[in-house]
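Working notes, structure below.
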Amino acid sequence: SDQPDFAASRGGPFTDAEMAELFRTYVESGGYPEPLMKGLSARDYLSTLFNSILYKDVVVRHGIRIHGAIEDVARVLINSCSQRYSNNSLADALGGINPRTAARYAGYLEEAFLHFPVRRFSFKYAVQAKAPRKAYFIDNGLVTANSMMFSANRGALYENAVACELKAREMAGRIQLFYWQGSDQREVDFVVKEGRQVTSLIQVCVDPSSPKVFDREARALLKASRETGCTDLLILTDSLSGETDFSWYGDTARIRMLPAWRWLSEKHW
């Protein structure tokens, strides 16, 4: 590889604690190297980059005359990162813009590799097509630099980082990516489908050490497992790891916990 061996240059491999801390920095700052290598303000650089992509790759390319509307769609989506949205909810948030226009503008942002939606899992395509999607952005630094709230929302940022990795696998043609939502509104962050089979169900939870929090995440996994037939149930955390058997209403499943940085560093391709 032509890439520098940072671990070797410092005299040895990083410890788990150091890797976890580096990952937390990445979650906040994103993966663009220019601010670090050139000593730039990450927030200023990524704010400028966001606007450059928006205007050069979207407004100019598609000949949009009224710039405010496309910028408003981008701002609503980036402040909804890791949350569900629909064309109607976008339109309502923007004061009644036509839902078709909102959908078209969101599509332009996706074409520019700025934003990407994740569809709700269903064995019926009609349900997938009609259900709200979840909003994610291609780099965490773009989110923290251009939204009003996400520098403090570690859970959403961890989830976005995991979504970016899974999206890369989907773009490589290895998987299909969805989220799952039950009739009781319980949610699993990511459904990984390979061919016709659901191969993994993933929750992202920074700290599931509270029994109440763990039960919430595990119950959604168990219910999704029952519906999809998937038995690989995973909770990605900040630092907790281990396995446990979880029972709920007569069903029992093995649930793994793994630090998100370790999962991201594994070879999945």
Side-chain angles (χ1 to χ4, degrees), residues 1-61 71 74-75 77-79 81-82 108-118 135-174 177 190 204 206 236-239 258-269:
S1 171
D2 294 330
Q3 297 300 316
D5 187 342
F6 293 110
S9 68
R10 64 188 293 280
F14 291 106
T15 66
D16 285 1
E18 288 171 328
M19 286 294 292
E21 189 56 37
L22 287 168
F23 178 67
R24 293 181 193 115
T25 300
Y26 164 74
V27 163
E28 290 283 344
S29 304
Y32 283 96
E34 285 85 353
L36 179 63
M37 299 184 71
K38 297 181 180 179
L40 305 174
S41 163
R43 183 170 292 274
D44 290 347
Y45 173 84
L46 292 168
S47 179
T48 300
L49 179 63
F50 179 85
N51 288 324
S52 177
I53 294 172
L54 186 62
Y55 284 95
K56 292 182 181 179
D57 295 345
V58 179
V59 171
V60 173
R61 179 182 178 185
E71 182 174 349
R75 297 292 177 185
L77 284 172
I78 207 165
N79 280 285
C81 185
S82 82
Y108 292 162
L109 298 174
E110 185 179 359
E111 289 176 8
F113 294 99
L114 190 62
H115 150 265
F116 62 94
V118 170
Y136 295 101
F137 273 73
I138 207 66
D139 183 80
N140 276 30
L142 289 172
V143 177
T144 56
N146 293 283
S147 66
M148 296 184 291
M149 56 181 285
F150 279 95
S151 60
N153 192 336
R154 283 205 302 158
L157 291 173
Y158 272 55
E159 187 176 330
N160 194 74
V162 171
C164 288
E165 168 64 19
L166 291 170
K167 182 63 177 178
R169 298 180 201 176
E170 184 177 58
M171 292 178 70
R174 302 296 299 273
L177 178 61
F190 301 111
V204 181
V206 173
L236 296 177
T237 72
D238 177 63
S239 58
L258 194 67
W261 69 263
R262 187 179 296 281
W263 177 82
L264 284 165
S265 67
E266 292 176 349
K267 299 296 183 183
H268 300 271
W269 295 72

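Keep in mind it's a predicted model, so treat the numbers as computed, not measured.
Using bins of under 30°, 30° to 60° and over 60° for the plane-to-plane angle, the ring pair Y136/F190 lands in the tilted bin.
Remark: the backbone N or O of L177 is paired with a side-chain donor or acceptor of E170 at under 3.5 angstrom. The main-chain N or O of D44 is found under 3.5 Å from a side-chain atom of T48 such that the two form a donor-acceptor pair.
The shortest non-hydrogen separation linking P259 to S239 is CG-O, 3.7 Å. In this structure, N140 and A161 approach most closely via the heavy-atom pair OD1-N, 3.5 Å. Taking each heavy atom of L142 and N146 in turn, the nearest pair found is O-ND2, 2.8 Å. What you find for R75 and N51 is that their closest heavy atoms are NH2-OD1, 3.3 Å. The two residues Y158 and A260 have their closest heavy-atom pair at CD2-CB, 4.2 Å. Across all their heavy atoms, N79 and S147 have their closest contact at OD1-CB, 3.4 Å.
Residues E71 and L54 form a side-chain contact, since some pair of their non-hydrogen atoms from C-beta on lies under 4.5 Å apart. The side-chain heavy atoms of L49 and E34, taken from C-beta on, include no pair separated by under 4.5 Å. F116 has its side chain within reach of C164: a pair of non-hydrogen atoms, C-beta onward, lies under 4.5 Å apart. Looking only at side-chain heavy atoms (C-beta outward), Y108 and L114 stay at 4.5 Å or farther from each other. Side-chain atoms of D16 and R262, non-hydrogen and from C-beta on, do get closer than 4.5 Å to each other. For the pair W261 and R24, the minimum side-chain heavy-atom distance is 4.5 Å or more. Residues Y45 and K38 form no side-chain contact, since every pair of their non-hydrogen atoms from C-beta on lies 4.5 Å or further apart.
How far CZ of F137 is from CG of N160: 8.5 Å, rounded to the nearest 0.5 Å. Remark: W263 CH2 to F23 CZ distance equals 9.0 Å, nearest 0.5 Å. To the nearest 0.5 Å, atoms SG (C81) and CD (E159) are separated by 8.0 Å. Of the inter-residue distances, the one linking D139 atom CG with L46 atom CG reads 6.5 Å to the nearest 0.5 angstrom. Summarising the geometry, atom CG belonging to L157 is positioned 8.5 Å from atom OG belonging to S82; distances are rounded to the nearest 0.5 Å. How far CD1 of I78 is from OG1 of T144: 8.5 Å, rounded to the nearest 0.5 Å.
Under the ring-ring contact (aromatic ring centres under 6.0 Å, His included) criterion, Y32 pairs with no residue, sequence neighbours left out.
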